[in-house]
Amino acid sequence: MYRHVTDQRHEALRSRVRDFAEREVRPRIAEMEASRTVCHDLSRRIAHQGWIGATIHRAYGGMGAGHLAKTLVIEELSRVSGAMGAMVQASQLGVAKIVHFGDEEQKKTWLPAIASGDCLPTIAVTEPGSGGHVLGMESTAVRDGDDYVLNGRKIYVGNSHVGDLHGVIVRTGEGSHGLSAFLVESGTPGLQVGPQQPAMGLHGFSFGELVFDNCRVPAANLLGREGDGLSVAYSSSVLYGRPNLAAVSLGIHQAVLDETTRFCAERQRYDKPLADLGNIKLKLGRIQSRLMLARLSAYHAVHLLDQGLPCDAELMNAKLVNVESALESARDAMDIHAACGLFTDRPIERFLRDAHHIFAPAGTSDIQLLRLGEVALGQGKGEWSSELAEQLRLEPSEWPDSPESPDSSDSPDSSECPESRATVPSQRTAPPRQRSWFARLK
């Protein structure tokens, strides 16, 4: 039903990620649930698969595979572990600020390291006193010679305890044009990571606090210009945060269906499988229907993003539909499991806990509905998918080679270093072809 947007390359990637998740991630779930703390080594192992570079141009060592491929990666990891799906989505969210606002030197410095998995990026926007009200933030950056000095606190920072490069939005002036974005490396003097607090779900993933106390950052680490911070925050949230979180919910939703149908086939009532009861079939039918609609909304939105077409509303809707439907289906699954679902020997209660974590980031469902209502009334406030279309669109030079293409094999061009080629995606100069991400799957 969704094959009009995926092809054999996407399905090969899905299979690769699914196999990895079953082999490397599933055996670690019990450990992560017991410890309820960030899983450093598994996060790094996933990063080194190169999947965080799904949307990074191949000229910078990334996959150049686009947002639909990114969605499949997050979905398949989340089907096994919502925590590890959240880890990948948070780092891919951290990619956006550099891709869209970084200068050439910043891109050359950081994107290859991110694509290889040697650097996990984050984005830090939310503050204790302002929450989702971005313009209410109070953290500051003050210019001092060739540096900026940062002070303030950020909370709910995805990958806070494993991140290597934090994209931090702070105040450099007044009003909506007084926010700026900076790249701050972990370990920078004056930057402290707060202790990880136990959370309801997503055990193995960290979303904690960063504290800046006279943290000195080179002026060269400013993303874009002073005053671009609001654009960095909003574009990252709309174009990456919402579809990424939709993908996490989608993976959890699929896991809910898989586990519940398995339970219904095995569990006996009245000398026959639970699945034979009419009321159970109705609940399973609702879960199946929601999942089909949720997957269509998620894939359709990111397919438009890959085409460089306006799709802010579709991205909002994808997050809304996937979050709400995953929660509803998880509750239905708990009803079906009844008392069996209350114990941790079955994963249904974990799915429900994890699904709740996806509700608030990048805007609650009420926020998505509010924005969609503005679209319906013709009161939309512009489209980031249109403004950044040239950088979002997959060009022929970025599309992976078909498996039959002779260019998909190793060639002298594939050994050429990124610095020797045209490296600005917006230039569209079609750099010499590297071995494609599809070829590397085989």
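All values below come from the heavy atoms of this structure, side chains included, with hydrogens, waters and symmetry mates left out.
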Main chain of E226, side chain of T172: is a donor-acceptor contact present, judged purely on distance under 3.5 Å? no
Is the Lys NZ or Arg CZ of K70 less than 6.0 Å from the centre of Y240's six-membered ring, within 45° of the axis? yes
Should L305 and L239 count as side-chain neighbours, where that means a heavy-atom distance under 4.5 Å? yes
Do you know which two heavy atoms are closest between G82 and V248, and how far apart they sit? O-CG1, 4.3 Å
Would you say K319's side chain and I358's backbone share a donor-acceptor pair under 3.5 angstrom? yes
In short, S206 meets H161 closest at the heavy-atom pair OG-N, 3.1 Å
Taking the ring centre of each residue, are F205 and H357 less than 6.0 Å apart? no
Return the CG to CD distance between N317 and E314, rounded to the nearest 0.5 Å. 8.0 Å
CZ (R44) with more than 12 external heavy atoms under 6.0 Å: yes
Before you tell me yes or no, could you show the steps for M63 and V73 under side chain to side chain contact (heavy atoms under 4.5 Å, CB included), namely the whole-Å CA-CA distance, both residues' side-chain angles and the distance that decides it to 0.1 Å? CA-CA 12 Å; M63 293 171 63; V73 169; 5.6 Å; no
What are the two closest non-hydrogen atoms of F351 and I252, and how far apart are they? O-CG2, 3.7 Å
Mind checking whether L42 and I46 have side chains closer than 4.5 Å, heavy atoms only? yes
Output yes when a side-chain donor or acceptor of R295 lies under 3.5 Å from a complementary backbone atom of L250, and no otherwise. no
One should read off an interatomic distance between L291 CG and S329 OG, to the nearest 0.5 angstrom, of 7.0 Å
Going by atom types alone, do E33 and T344 pair a side-chain donor with an acceptor below 3.5 Å? no
Is there a side-chain contact between E328 and R286 (heavy atoms, below 4.5 Å)? no
Below 6.0 angstrom between ring centroids: does that apply to Y299 and H10? no
What heavy-atom pair brings H40 and V162 nearest, and what distance separates the two atoms? ND1-CG1, 3.4 Å
Quick check: does any side chain N or O of D306 sit under 3.5 Å from a backbone N or O of H67, one acting as donor and the other as acceptor? yes
Is any side-chain heavy atom of L222 closer than 4.5 Å to one of S180? yes
Please check if the side chain of T55 supplies one atom and the backbone of G66 the other of a donor-acceptor pair under 3.5 Å. no
Mark yes or no for whether T122, through its side chain, and G94, through its backbone, hold a donor-acceptor pair below 3.5 Å. no
Listed partners of R36 passing salt bridge (charged side-chain N to carboxylate O under 4.0 Å, His left out), at least two apart: none
Do R171 side-chain atoms and M137 backbone N/O form a donor-acceptor pair below 3.5 Å? yes
Distance-only, no hydrogens or angles: does the E127 side chain make a donor-acceptor pair with backbone N or O of S139 under 3.5 Å? yes
So does E105 pair up with K108, basic N to acidic O under 4.0 Å? no
Flag for H177-D228: side-chain donor and acceptor within less than 3.5 Å: no
Measure across A298 and A318 and return the closest heavy-atom pair with its distance rounded to 0.1 Å. CA-CB, 4.0 Å
I want to check something: taking the side chain as every heavy atom from C-beta on, are H48 and D118 in contact at a cut-off of under 4.5 Å? yes
For atom OH of Y156, is the number of surrounding heavy atoms from other residues, nucleotides or ligands below 6.0 Å larger than 12? no
Could you check whether any side-chain heavy atom of L284 comes within less than 4.5 Å of a side-chain heavy atom of C264, counting everything from C-beta outward? yes
Return yes if some donor-acceptor pair links the side-chain N/O of R346 with the main-chain N/O of G341 below 3.5 Å, else return no. no
Mind checking whether L245 and L93 have side chains closer than 4.5 Å, heavy atoms only? no
Is a side-chain donor or acceptor of S43 paired with a backbone partner of C39 at a separation under 3.5 angstrom? yes
Go through T260 and I348 one step at a time and tell me if the side chain to side chain contact (heavy atoms under 4.5 Å, CB included) criterion holds. CA-CA 8 Å; T260 305; I348 284 296; 3.7 Å; yes
Looking only at the side chains, is there a donor atom on one of S91 and N159 sitting less than 3.5 Å from an acceptor on the other? yes
So how far is it from R45 CZ to F20 CZ, rounded to the nearest 0.5 Å? 5.5 Å
Run the side chain to side chain contact (heavy atoms under 4.5 Å, CB included) test against S176 and tell me which residues pass, sequence neighbours left out. L135, L230
Before you tell me yes or no, could you show the steps for E75 and R14 under side chain to side chain contact (heavy atoms under 4.5 Å, CB included), namely the whole-Å CA-CA distance, both residues' side-chain angles and the distance that decides it to 0.1 Å? CA-CA 9 Å; E75 176 191 354; R14 183 199 299 278; 3.6 Å; yes
Salt bridge between R79 and E22, side-chain N to carboxylate O under 4.0 Å? yes
State, with a plain yes or no, whether a side-chain heavy atom of V5 is found less than 4.5 Å away from one of H300. no
Go through S78 and Q89 one step at a time and tell me if the side chain to side chain contact (heavy atoms under 4.5 Å, CB included) criterion holds. CA-CA 10 Å; S78 301; Q89 80 81 23; over 6 Å; no
Residues R28 and E24: closest non-hydrogen pair is CG-O, 3.4 Å
